[in-house]
Protein chains: 2
Amino acid sequence: MSDAELTRQNILTVAADEIHQHGFKATSLSIILNRCEISKGALYHHFTSKIELGYAVFEEIYTPMFLDVWQSALSADDPVEGLCEFFTSMTEQMSCSEVVCGCPLNNLCEEMANADEGFRLRILSMQEQLNQLIVNSLERIHVDLRTGLILSQVGYFIVATLNGATTLSKSSRNKELFQQVIAELCLYIRALKVVA
Amino acid sequence: MSDAELTRQNILTVAADEIHQHGFKATSLSIILNRCEISKGALYHHFTSKIELGYAVFEEIYTPMFLDVWQSALSADDPVEGLCEFFTSMTEQMSCSEVVCGCPLNNLCEEMANADEGFRLRILSMQEQLNQLIVNSLERIHVDLRTGLILSQVGYFIVATLNGATTLSKSSRNKELFQQVIAELCLYIRALKVVA
DNA sequence: CTTGCAACATACCAAGCGGTCGGTTATTAT
DNA sequence: ATAATAACCGACCGCTTGGTATGTTGCAAG
């Protein structure tokens, strides 16, 4: 990787962390410059504006990270158990800072979907991709599932609850609340199956 | 109501609307001053700082509004049906701007719980009050409910899902997504009861 | 060897922010 | 009537923000 590309990646990584911690609007370019030990000229050589940097972070950092982790959870033989294990391991591995900072995509949806069309469309596309992943994996085991389920609706319900749980936990600063909601969510997910 | 108190209330109302629309940090005092047609001196006569104004909005506008609406939903003879009707009527009455702006408390939790201790504690207290309301009303009909339910967990699950649904809907700018999640949430809530 | 452009650095800018302060008007108590 | 204070005004301040324009360095092709 060339020096220039290294600089670019470094900016993206640091910016992703700052945006995760403080949100997009509250993220200061000068702090990114300090952390990267570069000048303003360097940043504006690689990105035309703050919002374009934000888009790049979304597309090159958040999106692949997000798809990877859901993909692997849903590719289990039994996606229902895959999801539950994924959620449970989240609560176990979750550090305190992650409880406080929440999910980057959920944060951006809250903050920017209403304020910037570019962010809104990217977030929307991400949500639809994620929902499709869930629907596809549930369809794989449709013979084990209750009849009458609207899978797309179920997918959005799961994502909504997970996001709601992270937001809710921010005020208590510990993962107890998160764990409770996740536990209830796993009950719901497992109840999607017909009783054996 | 005295003129001074009228001014104060006007500031609170306008500030509540601005914070709802743009979040706390992005809310500009000068815009509030313009909308209220008052001077900066007037505002700082009634409130010592921007953050104190934010606290006042939370306590005097958002909190009572929030408790009122949940209280009345949960005081129905059957709180399960009360909740479902409440949620369903939300989707029907919801204007486009409300879809876009989301729930004021959920927004503040996302934005400020991590950034300001005063907001965090107020939000936490609000969440606990709300959960207690739900738990109390479900306990009233515990004979109709499935055994083994952890009511506190159920309460937080409901709130988390509702909040997640509002956030999720922001990116699509319409209430279709919200309605889907709410529909699934009502299925979940009604399934709390034992089959008759 | 030199020409040229990518890859930076630095100084600067206007705008907006929350907040302060001295002054003015209106109201109320004595 | 007067004194005191509440209620309000508006100019000003320091600071930070995203963004720009000019200048410098270094590598790489011709």
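Being a predicted model, the structure only gives us computed values, none of them experimental. Here is the naming used below: chain letters follow the sequence lines, and residue numbers restart at 1 for every chain.
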Taken to the nearest whole Å, NZ/K25(A) to P/dC17(C) is 12 Å
Q) Within the structure, does a side-chain N or O atom of H45(A) lie under 4.0 Å from either OP1 or OP2 of dC8(C)? A) no
From NZ of K50(B) across to P of dG16(C) the rounded distance in Å is 15 Å
Without hydrogens or angle criteria, can the side chains of T27(A) and E18(A) be said to hold a donor-acceptor pair below 3.5 Å? no
Taken to the nearest whole Å, CZ/F24(A) to P/dT17(D) is 14 Å
Distance col, row E117(B):CD vs M112(B):CE, nearest 0.5 angstrom, shows 11.5 Å
Atom CG of L43(A) and atom P of dT10(C) are separated, to the nearest Å, by 15 Å
In whole angstroms, the gap separating C1' of dT17(D) from CG of N34(A) amounts to 14 Å
Out of dT20(C), dC8(C), dT17(D), minimum distance to the side chain of S28(A) belongs to dT17(D)
May I ask you to evaluate whether T7(A) reaches the phosphate of dC8(C), defined as a side-chain N or O under 4.0 Å from OP1 or OP2?
-> yes
message: Counting the atoms with a prime plus P, OP1 and OP2 as sugar-phosphate, which does I38(A) contact under 4.0 Å by heavy atoms, base, sugar-phosphate, or nothing?
response: sugar-phosphate
| request: Could you check if a side-chain atom of S137(B) sits within less than 4.5 angstrom of a side-chain atom of L133(B), using non-hydrogen atoms only? | output: no
I11(A) atom CD1 is separated from dA7(C) atom C1', nearest whole Å, by 11 Å
Would you kindly check whether a donor in the side chain of K40(B) faces an acceptor in the base of dG18(C), or vice versa, at under 3.5 angstrom?
-> yes
message = Do the side chains of E81(B) and R190(B) get close enough for a salt bridge, i.e. N-O under 4.0 angstrom?
response = yes
Item to complete: Verify the contact: side-chain N or O of H46(B) to OP1 or OP2 of dA6(D), cut-off strictly under 4.0 Å; return yes or no.
Response: no
Q.
Please determine whether a side-chain nitrogen or oxygen atom of S39(B) lies at a distance below 4.0 Å from atom OP1 or OP2 of dG10(D).
A. no
Note: for L29(B) and D3(B) on DNA chain C, the residue whose nearest nucleotide lies more 5' is L29(B)
Q. Does a nitrogen or oxygen in the side chain of S30(B) sit under 4.0 Å from OP1 or OP2 of dC17(C)?
A. yes
Between K170(B) and V99(B), the two heavy atoms sitting closest are CG-O, 3.8 Å
Separation of dT17(D) atom C1' from E18(A) atom CD, nearest Å, is 15 Å
Taking dC8(C), dT20(D), dC9(D) as options, the one with an atom nearest any side-chain atom of A4(A) is dC8(C)
Atom CG of L6(A) and atom P of dA6(C) are separated, to the nearest Å, by 19 Å
- Query: Base, sugar-phosphate, or nothing for T27(B), non-hydrogen atoms under 4.0 angstrom?
  - Reply: sugar-phosphate
